[in-house]
Amino acid sequence: MPLRLLIVEDLPHDAELMALRLQEDGLELYWQRVQTEAQYLAALNPAPDLILCDWHLPRFSGQQALELLHERNLDIPFVIVSGGIGEEAAVAALRLGASDYVLKDRPARLGEAVRRALEEKRLRVAHEQDQEQLRLAERVFQNTAEGIKVTDATGRIVSVNAAFETITGYCAADVVGQNPKMLKSGRHDPLFYQNLWASLLNTGLWRGEIWNRRKNGEIYPEWLAISAVPDAQGRVAHYVGIFSDISQIKEAQKQIDFLAYHDALTHLPNRILFRDRLAHALTHAHRKAKTLAVMFIDLDRFKTVNDTLGHPVGDELLRQVSQRMTQTVRADDTLARLGGDEFVLLLEDGESAQRAASVARKLLGCLTRPMHISGHELVVSASVGISLYPTDGEDADTLIRHADRAMYEAKQRGRNNFQFFTQSLNEGALERLMMENILRGAVSRNELVLHYQPQIDLASGQLVGVEALVRWQHPKLGVVSPDRFIPLAEEIGIIGDIGAWVLRTACQQLADWDRQGLQVPRMGVNLSVKQIDSEGLVDLVANVLRETALGKHRLELEVTESMLMRAPKSSHAVLDAIKSMGVELAVDDFGTGYSNLAYLKHLPLNRLKIDQSFVRDIGRDGNDESIVRAIIALAHSLGLETIAEGVEEVQQAEFLRREGCNLVQGYLYSRPLPAAQLILHPAFQPCP
Ligand code: C2E
Ligand code: MG
Ligand code: MG
């Protein structure tokens, strides 16, 4: 680019000579001559690269030209070329910013003066730019939101910015001269810092997250970039660490992560987290061959609450429900909300059907207390479905689907209950399963006991015998009545053992009383139809009687009427055999089994026991009274004795006496009692 030169000169020839001189000196030029102020000012726009100016001009002057530049803040190299300039003028000119002056009669200096003026200007501009750069850097350093610390090569802090002070709480005076180690949080192991330094030394850079400690002791995470700054020789002179406090970002991140896996309303795990935990638990259960349970819980009629009381109430209800359920389950069970009023629960680690049932019961129970929500008292219930791994499914989808299906079944059954996907595990069945297991060992664990209830002769008021009634005393279940466990024992095929134990124990008791001199004429023992069916009953009875050396007629076996009706023909032979031994037989619960009279006539019986349901209504229900009357008449016509059971009131006893009933048994005389208590009863008398 040619030099754009402005020559302020009244003599055209002089101007030409100057230009020529410079061109001869090797400068490429584009030049223009002016001689008035107006021309001069016009030529300043755009600004020339250099001005050569005569000091004395007819209508203008070098001094004016300089002053005009000054006024306009124009920094243009200005060389005075003059025939002569006094020393005073020269000083004034330099003061006004002239770069140099050359005498017209010594033009050889012109080229050098121009070059120097141009070089000075270049340096001035460069310096200005450097200064500007520095000012800018300083402004950035101080105003940036990032904290900055600069250390020397040995790691001592030489400066920090304002953000450093805000973030760390330390002011410059606290830290200058210190090592940044003073900010260490103690959260990182030595290896972390070793890696940091290795990266800094090898690449001159380290970037990452680091935990530091503020002046107030608080530990916070920062995003830090450290770079090594080399000097002119390429040796590290400084390290600059730029960091931002990311505790808020981290907090937000945590919040986002939480919401990704939790339900915003209840803060319970959501579907994603639940499936994740379930998948995890399944892998574990599979490896360890353990079981687990998935429970699907759906509130009953939640939609009604939402529709009638509004969504805010519905939301609050869901929150309270989830709180209650959370308190009910164990900390390591996963309770999640799938959405709406649907919850799922995962029970891990070898959960049995029993525990699942007990948790379900507790969950239903925890909802029964009313909830108070914005002035409303609400009671909710839920329907619960349970599926078990591996029985009801091997993968998450199947287990959840089956638990859902079981929940639907619970809804069908009138809500507020739980159902297993495997039907055989449902309520009654489950209880049975549990009972069955413990009932099997009841005899061997000596958990059975006999109570005895006296039977009285109405005419004489004398004790004619007792009936043995079995009870099961279980350490956890308490006293279980025979109605609850005898049918089960029959079903699972252990009635034989129980029956044998009852028969033997009752007879031994009777023999004991004999030895004690207590007069108990007869022992009644209840038989199950299953016992009659079995081969060994006749032998058993014979053996027990031999062992106890009791007279045969002192044993009476009771068989219920309904059982007799259902018993196969073959059982007649058994009863006949027993009867022919001399053992007595009674039909229990008579009147309830629609007996066929002709049939009864052929059975080897001694007594009919009138069922307590008829006795209970004596004096209240004329119909029942006539049934009782008919039974007594029937029995007598067949040559059988009658005994009324369940006699609780004197009027009942009076009625029975009037109608000719022979014997009575009931709370009016005595409840069934353990042997030890029974002997205190007034009906018991020592043998004369
Ligand atoms: P069951 O043979 O008809 O026995 C009479 C039941 O009525 C007994 O109930 C007795 O406690 C009850 N009872 C007696 N007096 C009164 C009264 O005045 N009022 C009322 N409300 N109840 C009275 P428990 O002991 O619960 O026995 C129930 C049934 O279990 C028996 O009815 C019998 O069928 C069966 N059972 C009892 N022990 C045995 C046993 O050792 N073997 C077999 N196979 N069955 C038994
Ligand atoms: Mg009985
Ligand atoms: Mg009975």
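Start at 1 and go down the list; that is how both ligands and their atoms are numbered. Side-chain atoms are counted along with the backbone in the values below, which use heavy atoms only and exclude waters and symmetry mates.
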(Q) Heavy-atom contact check, 4.0 Å cutoff: does Arg671 meet ligand 1? (A) no
**Q.** Geometric cation-pi criterion Arg671 and Tyr667, 6.0 Å radius, 45° cone
**A.** yes
Could you tell me whether the Mg ion (ligand 2) has an N, O or S atom of [X] under 2.8 Å away?
| X | answer |
| --- | --- |
| Glu467 | yes |
| Thr560 | no |
| Asp589 | no |

Under 4.0 Å to a heavy atom of [X] - the qualifying atoms of ligand 1, by number:
| X | value |
| --- | --- |
| Leu527 | 44 (N) |
| Gln453 | 14 (C), 15 (N) |
| Glu467 | 2 (O), 4 (O) |
| Asp589 | 3 (O) |
| Asp483 | 28 (C), 29 (C), 30 (O) |
| Glu648 | 17 (C), 18 (O), 19 (N), 20 (C), 21 (N) |

Say whether, by atom type as modelled, one donor and one acceptor occur between the side chain of [X] and the main chain of [Y] under 3.5 angstrom.
| X | Y | answer |
| --- | --- | --- |
| Glu625 | Gly619 | yes |
| Arg607 | Glu641 | no |
| Asn417 | Arg415 | yes |

Q: Quick one: pull up CZ in Phe418 and OG in Ser358 and give me the separation to the nearest 0.5 Å.
A: 8.5 Å
Identity of the nearest option to [atom], non-hydrogen atoms only, from [options]:
| atom | options | value |
| --- | --- | --- |
| atom 7 (O) of ligand 1 | Gln612, His451, Lys530 | Gln612 |
| atom 26 (O) of ligand 1 | Ser528, Pro482, Pro487 | Pro482 |
| atom 13 (N) of ligand 1 | Phe485, Tyr667, Trp501 | Tyr667 |

Q: Output yes when the distance from some N or O of ligand 1 to some N or O of Val470 is under 3.5 Å, and no in every other case.
A: yes
Q: Please check if any side-chain donor atom of Glu490 sits under 3.5 Å from a side-chain acceptor atom of Ser528, or the reverse.
A: yes
Q.
Can you confirm whether the side chains of Asn662 and Thr642 place a donor and an acceptor under 3.5 Å from each other?
A. yes
Q: Could you tell me the angle subtended at the Mg ion (ligand 2) by OE1 of Glu558 and OD1 of Asn526, rounded to 10°?
A: 80°
Q: Measuring from the Mg ion (ligand 2), name the closest N, O or S atom belonging to Asp588.
A: OD2
Q: Heavy atoms only: give me the nearest Leu439-Phe485 pair and the separation to one decimal.
A: CD2-O, 3.8 Å
Q | Per-residue contact class, Lys609 against ligand 1 - non-hydrogen pairs under 4.0 Å | A | neither
Q.
Tell me the contacting part of Leu668 for ligand 1: side chain, backbone, both, or neither, using a 4.0 Å heavy-atom threshold, strictly below.
A. neither
